[in-house]
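Scroll down for the structure; my scribbles are underneath it.
Side-chain atoms are counted along with the backbone in the values below, which use heavy atoms only and exclude waters and symmetry mates. Please read these numbers as outputs of a predicted model, since none were measured by experiment. Chain A is the first sequence line, chain B the second, and so forth, proteins listed ahead of strands; every chain is numbered from 1.
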Amino acid sequence: MGKVQVEDNARKFIKQDNVHEKEHDEHLYAALMKRSKVANEIPEWETLRNLASQIKEHTLTHLDQYIEMFVENATKNGIQVHFAKDADEHNAIVYDILSHHNVKRIIKSKSMLQEECGMTPFLEKKGIDVLETDLGERIQQLSDERPSHIVMPAIHKTTEDVAKLFAEKIGTNPNDDDPHSLCESMRNNARPKFLVADAGMTGGNFAIAETGSFVVCTNEGNADLTASLPPLHIASIGIEKLLPKLEDLGVFIRLLSRSALGTPATQYTSHFSGPREGSEMHVVLTDNGRSKRLGMDQFWHSLKCIRCGACMNTCPVYRRSGGLSYGATYSGPIGIILDPTFDMDMYS
Amino acid sequence: MKVALFIPCYIDLIYPKAGIASLELLEKLGVEVVFPLHQTCCGQPMANEGDEQHSIKTETQFCENFKDLDVDYIVGPAGSCVKHVKLHMTAIDQTEEVKQIRAKTIELVEFIHDVLQIQDFSQVEFPHRIAIHNSCSAVRGLHLASRFEWREPYFNKPENLLKNVRGIDIEVIDRPQECCGFGGTFCVTDEAVSAKMGQDKVADYTKHSIEYVVSPDMSCLMHQQGIAAREKSDLKFLHIAQVLNNGPF
């Protein structure tokens, strides 16, 4: 594939009408203002940010030790840990676990790493049915599009767009674009599918070395359903998600949702520390270019990223361009930094 | 106090009045000013695009002009160009001479506000409704004002210089720190996004019935002025030195 023409894509996003780019910009600017407001309520905000940066720096410079500690403790908890050096290996490991359990249908919560690995198309080709449980991700899945924002995957769409999409895909009224009824329709459509899934897949926002547990943050509770309903839970976690201790987590939890959406915390901060009785829990610790990036003088800082999406909200160019214009898993400022490390030609 | 005046190329070519105002203002404030005649570009546009080869030539030319001058400071009325010299002029060898030149370079508002420590311009009259545009370079690069993404006490050096001007009405628009979309070569390479950002900026001024947009960065105003002209807007744009020096307009 050739170079992504971000400028042309952005032009199309702006010129399509007078609604999409305008609403996109306004919604994200509002999120940015909410971040400022809640950050102002915490006098130690900048101290927290610095502390988080230092914890990440310490962890990343002792990553081998913390990975070993995590694996040892997770294994003690009954979690089966796998190592994937790249996207292909990640997908092969996941498929291997799924075929071992004869899985036909999976439900999954939002995971940028699984997105990065192209996992869903890979599994679909193998005949496995994949259902996104996050509302925004489900909208994107039904549209056959990537997430356009790390935290708000369908933020480039209007409620009218979603009403049309749902009408076409799940048979709702195309003229009813009330967000509540759209949510309710998708809930009613998706819940029965949750109940019959053979396996659930999640990502992981943080993995704690000392406890061998991991944490998933969502606002819809969908990761909890995903992890708790089926008898098999597989979590894909990038190796940069490690934190040394449980006490470190508080720093990041205080920062994450305030930075992302301007709320004090995500609705759900779920700790997974081992399989339920009669079920299995797997973690696929994935590198996919991270250790190479760790060795780059100019780029290793990007491994500190907690995927809050604040850089997207603050970026006036991203707000006008729409995330899909970047033609990559990661868009906006963090995408500009990360994407060339995946493909120098496409994202130069 | 003796300074060398650094007039960026686009001010020389497109906005000479901003250059003249800077010179007159500094002299009014009791500063001895020398002006090296062979100034061209500081190298910023090329450096921003990663074209080190060509930024080497202009950066070398810049240093040739400003070496051996026996001045206390090199003062430039342009945030983004000063930011380039101070923070990013790294394509050339960092000799002792180059380091000194970079360390001496300072933006005009910062020089008046922090070095001369003058903030009272109450002898100047400008009875108009204005908005201050602080460029991204001035705010994030040179820290001429507090950055709204950070938790830091509010300050705004251009505003401090302007607020005592007689008759002036300083309005705060909806998004005072929003980038106007100029971004140097960005306005050429990413024309659609750049133009949209400029249009949004002009709409914000219009909503607040602004007469004049005043800035320490004429390059941003060049972009905004172009957009406003296409929209047949009455908005007028001035470098902060033109207001503080009472012209030339």
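- The choice from P43(A), S36(A), A310(A) that makes the most heavy-atom pairs within less than 4.5 Å of chain B is S36(A).
- Between N313(A) and H149(A), the side chains place a donor N or O and an acceptor N or O closer than 3.5 Å (distance only, hydrogens not considered).
- The aromatic ring centroids of H24(A) and F13(A) lie less than 6.0 Å from each other.
- Contacts between F186(B) and chain A at a heavy-atom distance below 4.5 Å involve the side chain alone, from C-beta outward.
- The six-membered or imidazole ring of H84(B) lies away from that of F62(B), with a centre-to-centre distance of 6.0 Å or more.
- In this structure, no portion of S194(B) lies under 4.5 Å from any heavy atom of chain A.
- With a 4.5 angstrom heavy-atom cutoff, D8(A) does not touch chain B via any of its atoms.
- Both tests pass for R175(B) against the ring of Y29(A): distance under 6.0 Å to the centre and angle within 45° of the axis.
- Proximity to chain A (any heavy atom under 4.5 Å) is shown, for E149(B), by both the backbone and the side chain.
- Note that K241(A) lies outside the cation-pi zone of F206(A), set by a 6.0 Å cut-off to the ring centre and a 45° limit from the axis.
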